Novice: 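Here it is, the structure in full.
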Amino acid sequence: MGNRRTYGPNREDPVRGYADTAMEFPRLLALLLIVLEWTRPGLPSPLRPICDLRVLNHFIKEARDAEVAMTSCREGCGLSESVTVPQTTVDFDVWEKKNALEQAWEVQTGLWLLQQALNLLRTSVTNTALHSPIDNTVRNLLSINAVLRSLNIQEYTPPASPAGLEGTWRVSTATDLLQVHVNFLRGKVRLLLLDAQACQQDVS
């Protein structure tokens, strides 16, 4: 039987680690600005990949903040319909047998599914206090895609619809969606960045 790990519900104190993150904020901000600059049209390709996992950790923290905000919501915070999301359970035996392109495709597909689901959530939620964290979460997904592009990962072409995609399931609540988002970043996205060929070559 293969080793299987599930990135399940996050039970950590949302304030935990805030001080450490705050200490790193200036550097994170600089790195994020670089990412955003690279996404602008007409600019040359970046010379060096983004391999610093503190960027991803920042996105994970903000995803957790959005999840906490949604959990505390009592009205006007539901999905109008169920959405397709990526599986977050990682079978390491299966994962390690996939080549880099297959792993990247799986992660990019998951990010695309989450973006579609979060866009629907944004239009479904009537509680305006939640609009800002949801919008920020969508922007972060776009920045993660920019990080992947910096690693020379092949450009992803989204499918016409999520129907028939493997490794997916459906959720019907906003809290489940945001929990999947956090766990996907902590699991498969982190694994892809850790093993990225460009980052292995970048290690001094």
Side-chain angles (χ1 to χ4, degrees), residues 2 4-8 35-36 38-41 45-46 49-50 55-56 59-60 62-63 66-67 70 78-125 133-199:
R4 182 180 294 270
R5 179 177 299 173
T6 302
Y7 291 87
V35 171
L36 294 176
W38 285 346
T39 62
R40 290 172 56 190
S45 299
I50 302 176
V55 176
L56 178 61
F59 293 143
I60 292 172
E62 294 200 337
E67 182 188 0
M70 185 63 69
L79 271 170
S80 59
E81 60 184 270
S82 63
V83 292
T84 302
V85 294
Q87 292 281 357
T88 58
T89 301
V90 179
D91 186 325
F92 285 96
D93 286 344
V94 174
W95 178 263
E96 290 170 2
K97 289 177 182 176
K98 296 181 178 181
N99 61 40
L101 286 176
E102 290 171 330
Q103 292 174 350
W105 185 88
E106 185 170 337
V107 168
Q108 290 170 308
T109 299
L111 293 173
W112 177 78
L113 288 172
L114 288 170
Q115 185 177 342
Q116 305 309 302
L118 287 165
N119 284 336
L120 177 62
L121 177 64
R122 177 63 170 77
T123 61
S124 302
V125 166
I134 294 172
D135 289 343
N136 193 46
T137 298
V138 173
R139 285 193 297 268
N140 286 348
L141 284 178
L142 297 175
S143 293
I144 291 172
N145 283 322
V147 171
L148 296 184
R149 287 196 297 273
S150 83
L151 302 179
N152 298 320
I153 291 176
Q154 184 173 338
E155 190 75 19
Y156 177 71
T157 302
S161 77
L165 287 175
E166 296 182 0
T168 64
W169 60 303
R170 294 185 70 81
V171 297
S172 56
T173 69
T175 51
D176 284 347
L177 168 57
L178 291 175
Q179 187 178 92
V180 167
H181 175 230
V182 171
N183 293 336
F184 192 73
L185 298 187
R186 291 174 61 233
K188 293 181 181 178
V189 174
R190 182 180 291 276
L191 286 173
L192 183 67
L193 296 181
L194 283 172
D195 295 335
Q197 184 76 21
C199 290

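Values in this document were obtained by computation on a predicted structure and should not be read as measured data.
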Novice: Would a 4.5 Å heavy-atom cut-off, applied to side chains only, mark Thr168 and Pro162 as touching?
Specialist: no

Novice: Does some side-chain heavy atom of Leu177 sit less than 4.5 Å from a side-chain heavy atom of Leu121?
Specialist: yes

Novice: In Å, rounded to the nearest 0.5 Å, how long is the span from CG of Leu141 to CG of Asn136?
Specialist: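 These two atoms lie 10.0 Å from each other.
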
Novice: Which heavy-atom pair separates Ser80 from Ser124 by the least distance, and what is that distance?
Specialist: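 Taking Ser80 first and Ser124 second, the nearest heavy atoms are OG-OG, 3.0 Å.
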
Novice: Show, in sequence, the C-alpha distance, side-chain angles and deciding distance for Glu62 and Asn140, and conclude whether the side-chain contact (heavy atoms from CB on, under 4.5 Å) test is met.
Specialist: CA-CA 9 Å; Glu62 294 200 337; Asn140 286 348; 2.8 Å; yes

Novice: Could you check whether any side-chain heavy atom of Leu193 comes within less than 4.5 Å of a side-chain heavy atom of Val55, counting everything from C-beta outward?
Specialist: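 No, every pair of side-chain atoms sits at 4.5 Å or beyond.
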
Novice: Trp169 and Pro86: which non-hydrogen atoms are nearest, and at how many Å?
Specialist: NE1-O, 3.3 Å

Novice: Under 3.5 Å, side-chain donor or acceptor atoms of residues 109-119 against the rest of the protein: list the pairs with distances, not counting sequence neighbours.
Specialist:
| residue | atom | partner | partner atom | Å |
| --- | --- | --- | --- | --- |
| Thr109 | OG1 | Trp105 | O | 2.7 |
| Thr109 | OG1 | Tyr156 | OH | 3.0 |
| Asn119 | ND2 | Gln115 | O | 3.2 |

Novice: Specify the closest pair of heavy atoms between Val180 and Val171, including all atoms of both residues, with the distance to one decimal.
Specialist: CG2-CG1, 4.4 Å

Novice: For the pair Lys188 (side chain) and Gln103 (backbone), establish whether a donor and an acceptor sit closer than 3.5 Å, ignoring hydrogens and angles.
Specialist: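 Not a single qualifying donor-acceptor pair exists.
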
Novice: What's the separation between atom CE in Met70 and atom CG in Asp176, rounded to the nearest 0.5 Å?
Specialist: 11.5 Å

Novice: Under the rule for salt bridge (Lys or Arg N to Asp or Glu O under 4.0 Å), what residues qualify as partners of Asp195, not counting sequence neighbours?
Specialist: none

Novice: Could you go step by step and tell me if Asn145 and Leu148 meet the side-chain contact (heavy atoms from CB on, under 4.5 Å) rule?
Specialist: CA-CA 5 Å; Asn145 283 322; Leu148 296 184; 4.3 Å; yes

Novice: Look up atom SG in Cys199 and atom CG in Leu151, then write down how far apart they are to the nearest 0.5 Å.
Specialist: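 Answer for the SG-CG pair, Cys199 versus Leu151, is 4.5 Å.
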
Novice: For atom CD of Gln154, decide whether the heavy atoms of other residues, nucleotides or ligands shown that lie under 6.0 angstrom number more than 12.
Specialist: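 Open: at most 12 neighbouring heavy atoms sit under 6.0 Å from CD of Gln154.
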
Novice: To the nearest 0.5 Å, how far apart are CG in Leu178 and OG1 in Thr137?
Specialist: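 Rounded to the nearest 0.5 Å, the CG-OG1 separation comes out at 6.5 Å.
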
Novice: What closest approach, in Å, do Lys97 and Glu102 show between heavy atoms, and which atom pair accounts for it?
Specialist: O-OE1, 4.4 Å

Novice: Distance check, rounded to the nearest 0.5 Å: Gln87 atom CD versus Glu106 atom CD?
Specialist: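 Spacing of CD (Gln87) from CD (Glu106) equals 10.0 Å.
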
Novice: Please report the closest heavy-atom contact between Ile60 and Leu185, naming both atoms and the distance.
Specialist: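 Heavy atoms only, the tightest pair is CG1-CB, 3.7 Å.
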
Novice: Rounded at 0.5 Å granularity, tell me how far NE2 in His181 sits from OG1 in Thr88.
Specialist: 12.5 Å

Novice: On a heavy-atom basis, which atom in Ile144 and which in Phe59 lie closest, and how many Å separate them?
Specialist: CG1-CD1, 3.4 Å

